[in-house]
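The sequence lines fix the lettering, A, B, ..., with proteins before strands; numbering per chain opens at 1.
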Amino acid sequence: MADDQRDRDAERRAKDREAVARVLAGDRAAFGPLFERYAPMIHGLLLARRGAMNPAEADDLVQDVFETALEKLASLREPEAIGAWLAQIARHRAVDARRAAKRTEPIEDHADLESEAASPSVRMEARRILDLIRTLPEAYRETLVLRLVEGMTGPEIAEQVGMTSESVRVNLHRGMKMLKERLA
Amino acid sequence: MSEDDYLFDKSGKPDPEVEELEKVLGSARYVSPQRNRAERVHGRRAKPARSRVFLYAAPLALAAAILLVLALRDRLRPEGPSLAVTSLAGAPRVDARKVDERGGRLGVGAWLETDQASRADIELQQIGHVAVGPGSRVQLVSIAKNEQRLQLERGVIEAKVLAVPRLFVVDTPSARATDLGCAYRLEVMPDGGTLLRVQTGAVELAGEGRQSHVPAGATCETRTKRGPGTPYFDDASDAFKTALRHLDFDVQQDPRTLDTVLGAAREADTLTLWQLIWRVDGEKRQRVLARVMELVPPPPGVDLASGPGAFKAYQDHLMTHW
């Protein structure tokens, strides 16, 4: 199973390398699959930041992060590490946004979707738990949000964000322990 | 095997507490713009279009029927690149051919029309969707590696595009809208003017020698032969918006109009004023710039007299107030 995961990771890295090369060669549409692949991870990292940010605001910033990435793509030295690179841009972008207390309007369509997918009480409970997760140390809250909100597995988190699987496992374990204490 | 396996990689026996958290927190999960559109169109997770085949036919006849349907579909499919079209309501048409529940294709040069009871969805290649409202007429102008272009002759569209700037362009009678990675609503009025409202990201609107940058939460109007007006935030005062409209589009200008715009402006309206600076000249330009600086002073160390770099730095600072 570990070998399967390694093979999948290697294949994904090769696809990322190829996509980056195509974008730099002028094929901007090749950026689309990179966006689809990494947007949930970016969204999760933005949601995990301290300070109130609702999913709609995080959606706006996801777009910002990828715009920045597209502008700066030529400066990426290791295309295989694009996930970790995007994660850094997202973290910086979240800090900038919090500093500027940027005005963003709720996205009406996303609010409609949330109401279709989850009842108000579920949404309120989700916000309460998200607020608690945000009180945890940074390493724990990021991995918890990526796992529990975005539905990524530990190996996927490790591969996309650029951590080892062991670190992700430890963060999830410790983060969950602290979250359970705060939920109790 | 460890007790954390389910938490780590969803293997092993599910942990009920983790499952409960996944269920609740999953409501905040990121949903891509394309999945948003597909799920709203069909009210469920989208399935690919399928041909209808009579399943109770004998196997050989079944195979022949399948081949016939595929051959007919290929004959009806436009030559060359095209975009998938889905009917959302009523009976939209592509070049007078009805788009049914199986969907259709919009080829280069073809027109998609909706009547007052129809709506349709156009799937852009890899980058998003365009919802076409009732009473609309839209043409696919071109598809290339670095650009997908539509022409909106009348009616309204809502576009949701992935974060790849300048890949999607819409021409209208009075302006060209270039997507900068966003979601927006664009309506062509009966007189050929347009109303653009940006929900996320930004759009660049250009025409008749004018250019407007329209960010999230802002609206921009255009008029034929005048091009785009100056964008404004939707929550600006009515007095501000009305005076701005006169300033942008009246041929004969009342000298008091600029006074009203400047007097009614708030800090956030520096979005409008900053773009207005480049549309007026002489003494008016100085007055607009002075009002911007009064509402949002330049940051320390930025001296606008020192050149373009200072203006860029000031613009970056202003953007944190928009």
Approximate separation, where rounding is to 0.5 Å, of B:D4 CG and A:H173 NE2: 5.5 Å

Nearest non-hydrogen partners of A:L172 and B:F8, listed with the distance: CD1-CA, 4.0 Å

Cationic N near anionic O, under 4.0 Å, B:D9 to A:R147: no

Smallest separation among heavy atoms of A:A39 and B:Y30, with atom names: CB-CE2, 3.5 Å

Side-chain donor/acceptor of B:K10 to backbone N/O of A:G151, under 3.5 Å: yes

Gap between atom NZ of B:K23 and atom CG of A:L148 - 0.5 Å precision: 14.5 Å

B:E17 portion near chain A, given a 4.5 angstrom heavy-atom threshold: side chain

A:T143, part contacting chain B, at a heavy-atom distance under 4.5 Å: neither

Among A:E156, A:E125, A:R169, residue most engaged with chain B (heavy-atom pairs, under 4.5 Å): A:R169

B:E294 CD: over 12 foreign heavy atoms closer than 6.0 Å: yes

Euclidean distance, A:I133 CD1 relative to B:L25 CG, rounded to 0.5 Å: 5.0 Å

Closest non-hydrogen atom pair, B:A28 against A:L47: O-CD1, 3.9 Å

Side-chain touch A:L179/B:L21, heavy atoms, less than 4.5 angstrom: yes

Which atom of B:D15 lies closest to which atom of A:K180, heavy atoms considered: OD2-NZ, 4.0 Å

Structural part of A:I42 lying under 4.5 Å from a heavy atom of chain B: neither

Side chain proximity check, A:R127 to B:V24, heavy atoms < 4.5 angstrom: no

